[in-house]
Amino acid sequence: QVQVVESGGGLVQAGGSLRLSCAASGSFYSIHAMGWYRQAPGKERELVARISSGGSTNYADSVKGRFTISRDNAKNTVYLQMNSLKPEDTAVYYCDAWLYSNSYTVKNYWGQGTQVTVSS
């Protein structure tokens with residue numbers, strides 16, 4: 001059984017910071033990629049940031065320079081450091097993980113989501 005669990009959301013004032021964590025646990029071979037998506041009420045889910053097994057990253061234009069994605073391979077955990085938060089960052093943030101169940105099969109897992117609310 002594989003679990004992908006996010007934590008670290010909360011309420012913060014504009015200009016503040018939060019760090020989200022996403023830990024993958026259970027039986028899997030390796031991590032192909034992990035990333036963060038977010039969805040605000042009435043809006044479509046959008047990619048925020050992702051990091052590949054090779055360490056390459058990409059970000060949504062709206063968060064470049066403010067958010068940083070990183071990982072701790074030993075803990076199978078990815079982080080999203082969010083600085084200079086804006087009210088438009090308010091959303092439910094979901095961790096997305098592509099995990100190898102064996103040497104050739106990749107499966108997609110989603111966390112349950114964590115709420116980030118930025119007040120003005």
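Numbers for residues simply follow the sequence, beginning at 1. No hydrogens, no waters, no symmetry mates; every other heavy atom, side chains included, goes into these values.
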Checklist entry - Does Tyr100 share a hydrophobic cluster with Trp98, counting links as ILVMFWY side-chain heavy atoms below 4.5 Å and allowing steps through other members? => result yes
Using residues 107-120 as the side-chain source, report each donor-acceptor pair under 3.5 Å to any protein atom, sequence neighbours left out, with the distance given to one decimal.
from: Asn108; atom 1: OD1; to: Trp110; atom 2: NE1; distance (Å): 3.0
from: Asn108; atom 1: ND2; to: Asp96; atom 2: OD1; distance (Å): 2.5
from: Asn108; atom 1: ND2; to: Ala97; atom 2: O; distance (Å): 3.1
from: Gln112; atom 1: NE2; to: Glu6; atom 2: O; distance (Å): 3.2
from: Gln112; atom 1: NE2; to: Glu6; atom 2: OE1; distance (Å): 3.3
from: Thr114; atom 1: OG1; to: Gly9; atom 2: N; distance (Å): 3.2
from: Gln115; atom 1: NE2; to: Ala91; atom 2: O; distance (Å): 3.4
from: Gln115; atom 1: NE2; to: Thr117; atom 2: OG1; distance (Å): 3.3

Next on the checklist: Between Leu99 and Val2, does the side-chain contact (heavy atoms from CB on, under 4.5 Å) criterion hold? Intermediate values first, please.
Outcome noted: CA-CA 9 Å; Leu99 308 177; Val2 174; 3.6 Å; yes
Next on the checklist: Closer than 4.0 angstrom, basic N to acidic O: yes or no for Lys64 and Asp61?
Outcome noted: yes
Quick one: side chains of residues 68-78, donor-acceptor pairs under 3.5 Å with protein atoms, not counting sequence neighbours, listed by atom name and distance.
from: Arg71; atom 1: NE; to: Asn73; atom 2: OD1; distance (Å): 3.3
from: Arg71; atom 1: NH1; to: Ser52; atom 2: O; distance (Å): 2.5
from: Arg71; atom 1: NH1; to: Ser53; atom 2: O; distance (Å): 3.0
from: Arg71; atom 1: NH2; to: Ser53; atom 2: O; distance (Å): 2.8
from: Asp72; atom 1: OD1; to: Ala74; atom 2: N; distance (Å): 3.1
from: Asp72; atom 1: OD1; to: Lys75; atom 2: N; distance (Å): 3.4
from: Thr77; atom 1: OG1; to: Lys75; atom 2: O; distance (Å): 2.9

Next on the checklist: Test of understanding: clusters of I, L, V, M, F, W, Y form through side-chain heavy atoms closer than 4.5 Å, transitively. Do Val4 and Val92 belong to the same one?
Outcome noted: no
Checklist entry - Within a strict 4.5 Å, meaning less than it, do heavy atoms of the Met34 and Arg50 side chains meet? => result no
Checklist entry - Side chains of Ser103 and Tyr29: closer than 4.5 Å at any heavy-atom pair? => result yes
Next on the checklist: Any donor-acceptor pair under 3.5 Å linking the side-chain atoms of Tyr37 with those of Arg45?
Outcome noted: no
Checklist entry - Looking at side-chain heavy atoms only, is the closest gap between Lys86 and Arg66 below 4.5 Å? => result yes
Checklist entry - Hey, does Phe67 have a side-chain heavy atom less than 4.5 Å from the side chain of Leu80? => result yes
Checklist entry - Is a side-chain donor or acceptor of Thr105 paired with a backbone partner of Asn102 at a separation under 3.5 angstrom? => result no
Checklist entry - Are Tyr79 and Tyr94 joined in one hydrophobic group, where the rule is that I, L, V, M, F, W and Y side chains link up if heavy atoms are under 4.5 Å apart? => result no
Please tabulate, for side-chain N and O atoms in residues 16-25, each donor-acceptor pair with protein atoms closer than 3.5 Å (sequence neighbours left out).
from: Ser17; atom 1: OG; to: Asn83; atom 2: OD1; distance (Å): 2.9

Checklist outcome for this item: Scanning both residues in full, the closest heavy-atom pair of Tyr93 with Asp89 reads OH-O, 2.7 Å
